[in-house]
A.B. asks: 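My structure is below; once you've seen it, I'll send some questions.
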Amino acid sequence: MYILAFESSCDETACSVCEMSEEGRIIKSNIIASQVDTHALYGGVVPEIASRAHIEAISKITYEALDTAGIALKDIDAIAVTNGPGLIGALLVAVNFAKSLAFANNIPLVPVDHIKGHVAGNYLTHQELKPPFLALVVSGGHTSFFDVKSYTSLEEIGSTLDDAAGECFDKIGRVMGLPYPGGYAMDMLARDGDKNAIKFPSPSINDTLNLSFSGLKTAVINYINTQTQKGLPLERENIASSVTRTIVDAICSKIGTALAKTGYDKVVLAGGVSANSHLRAGVEAECKKFGATFYAPALNLCGDNAAMIASQGYYEFLDGVRGDEALNAYPS
Ligand code: KG4
Ligand code: ZN
């Protein structure tokens, strides 16, 4: 079946057509209108500007997604849309657009949770992947461990108690003067640094599957400010590398416990920060230690996109999940 999917939870307006069946999952088109350049001027996402930019982009990318896929709207079997979590004004743009398109054309509407969508990006990359498994979602808004019991049932078994790992990378990147959002630039800088150069506090909360990144963020920003006040040079590669090691080590330190708790032998990484080369390598090495198979999305499916929403939308559709005229968005 053909799924047309929409995503507008943050600063990417995205539309995709995927052909989904028991035999395979094929991305026919995956269009993303990014607002990064606009928000870069402010050093972060401005919700009001994001909503307006979604409104401007959504019709155009819908035509583009259908054209690229070579599929007419009349051949679409279901419309999937992210209805949370995210910025409420931003979410409402795709939710209302999808609703109008679905009800005007008599196409079933399927609401999709953004986090489940990130996990489902992996089904497009790894055709053989099937639940149950342990998922680790690391993004700008989330850092959580999930027991993925089935395609549609996820239980959170641990998470950050404050900032997300992506947010931590971005805020430190901003203080270091890196291009917005800082995550990608931190990844690149960290490749040339000494990961043992500076000791920062670990985000790990011992004896739990929880983490806390706010202390690390503050410690790194204090370190940068102190160096600057003393007129000492900022070894940006070493800072990036030490911060990255601290984050990756803390996340990896939970994997053995999470595998023991769930009894699974598969670990799925997902979310924007799953593009981080150090995190991918670290989680893969940790999986090897415990004899678990490691999965991560193709790099173009790590950040927010609508193909992952189509992928999850397919399984929600099979489960009978439908949105009606009253479908709303939820921020958290
Ligand atoms: O999943 P996503 O696109 O949006 C949310 O749902 O939050 O994740 C965006 C986050 C940002 O914090 C961005 O800096 C981070 O993913 N990110 C990275 C990398 N690429 C994107 N963080 C570290 N290393 C990367 N290579
Ligand atoms: Zn996301």
Side-chain angles (χ1 to χ4, degrees), residues 9-10 84-86 113-119 122 131-150 153-173 182-183 186 195 198-223 242-276 278-287 289-290 292 294-297 302 330-332:
S9 65
C10 191
D113 177 274
H114 183 78
I115 304 302
K116 288 183 182 174
H118 270 302
V119 174
N122 277 279
F133 51 76
L134 172 70
L136 174 46
V137 179
V138 193
S139 72
H142 295 84
T143 303
S144 298
F145 289 92
F146 289 98
D147 173 349
V148 181
K149 296 170 190 293
S150 72
S153 168
L154 274 67
E155 186 196 338
E156 192 178 69
I157 55 171
S159 81
T160 177
L161 302 181
D162 40 56
D163 298 346
E167 195 180 347
C168 185
F169 275 128
D170 293 347
K171 289 197 171 141
I172 292 168
M186 290 281 282
K195 62 183 182 169
I198 310 156
K199 176 106 184 80
F200 291 123
S202 170
S204 170
I205 299 176
N206 288 342
D207 304 324
T208 72
L209 287 175
N210 296 329
L211 300 143
S212 163
F213 291 94
S214 68
L216 171 65
K217 181 187 69 184
T218 307
V220 179
I221 293 173
N222 284 344
Y223 172 84
S242 299
V243 169
T244 303
R245 190 207 69 166
T246 307
I247 291 176
V248 172
D249 281 359
I251 291 172
C252 286
S253 73
K254 307 287 177 194
I255 290 175
T257 314
L259 284 170
K261 189 177 163 80
T262 54
Y264 299 149
D265 61 359
K266 287 181 271 187
V267 177
V268 167
L269 191 58
V273 186
S274 68
N276 186 281
H278 314 276
L279 182 64
R280 287 170 95 99
V283 175
E284 185 169 16
E286 198 68 12
C287 286
K289 233 161 74 183
F290 291 98
F294 168 72
Y295 298 88
C302 291
Y330 60 94
S332 60

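As the structure is a prediction and not an experimental result, all values here were calculated from the model. Side-chain atoms are counted along with the backbone in the values below, which use heavy atoms only and exclude waters and symmetry mates.
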A.B. asks: So, do E167 and F213 sit near enough that their side-chain heavy atoms are less than 4.5 Å apart?
C.D. replies: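 Counting from C-beta outward, E167 and F213 never come under 4.5 Å.
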A.B. asks: Is there a donor-acceptor pair under 3.5 Å between the side chain of D265 and the backbone N or O of A292?
C.D. replies: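 Flag not set: sc D265 to bb A292 has no pair under 3.5 Å.
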A.B. asks: Ignoring hydrogens and angles, write down the donor-acceptor pairs under 3.5 Å from the side chains of residues 243-250, residues two or more places apart or on other chains.
C.D. replies:
from	atom 1	to	atom 2	distance (Å)
T244	OG1	A240	O	2.6
R245	NH1	N196	OD1	2.6
T246	OG1	S242	O	2.6

A.B. asks: Identify, with sequence neighbours excluded, every residue that meets salt bridge (Lys or Arg N to Asp or Glu O under 4.0 Å) alongside D163.
C.D. replies: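 Listed in chain order: K217.
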A.B. asks: Quick one: does any side-chain atom of K116 pair with a main-chain N or O of S153 as donor and acceptor, under 3.5 Å?
C.D. replies: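 Looks like no, no N/O pair under 3.5 Å.
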A.B. asks: Given side chains that start at C-beta, do those of P85 and H142 come closer than 4.5 Å, heavy atoms only?
C.D. replies: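 Of all side-chain heavy-atom pairs linking H142 with P85, at least one is under 4.5 Å.
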A.B. asks: Of all residues at least two apart in sequence or in a different chain, which pass the ring-ring contact (aromatic ring centres under 6.0 Å, His included) check with F133?
C.D. replies: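 Counting only residues at least two positions away or on another chain, F133 forms no ring-ring contact (aromatic ring centres under 6.0 Å, His included).
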A.B. asks: Say whether, by atom type as modelled, one donor and one acceptor occur between the side chain of T143 and the main chain of A165 under 3.5 angstrom.
C.D. replies: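 It does hold such a pair.
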A.B. asks: Are F290 and V267 close enough that some pair of their side-chain heavy atoms sits under 4.5 Å apart?
C.D. replies: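 Side chain of F290 against side chain of V267, heavy atoms only: no contact under 4.5 Å found.
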A.B. asks: Are V268 and F146 packed together at the side-chain level, in the sense that at least one heavy-atom pair is separated by less than 4.5 angstrom?
C.D. replies: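 With C-beta onward as the side chain, the pair stays apart.
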A.B. asks: Is there a donor-acceptor pair closer than 3.5 Å between any side-chain N or O of K171 and the backbone N or O of T218?
C.D. replies: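 No; zero donor-acceptor contacts below 3.5 Å.
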A.B. asks: Hey, does S144 have a side-chain heavy atom less than 4.5 Å from the side chain of I115?
C.D. replies: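 In short, these two side chains do not touch, never coming nearer than 4.5 Å.
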A.B. asks: Would you find more than 12 non-hydrogen atoms of other residues, nucleotides or ligands less than 6.0 Å from N222 atom CG?
C.D. replies: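 It does: N222 CG has more than 12 such atoms within range.
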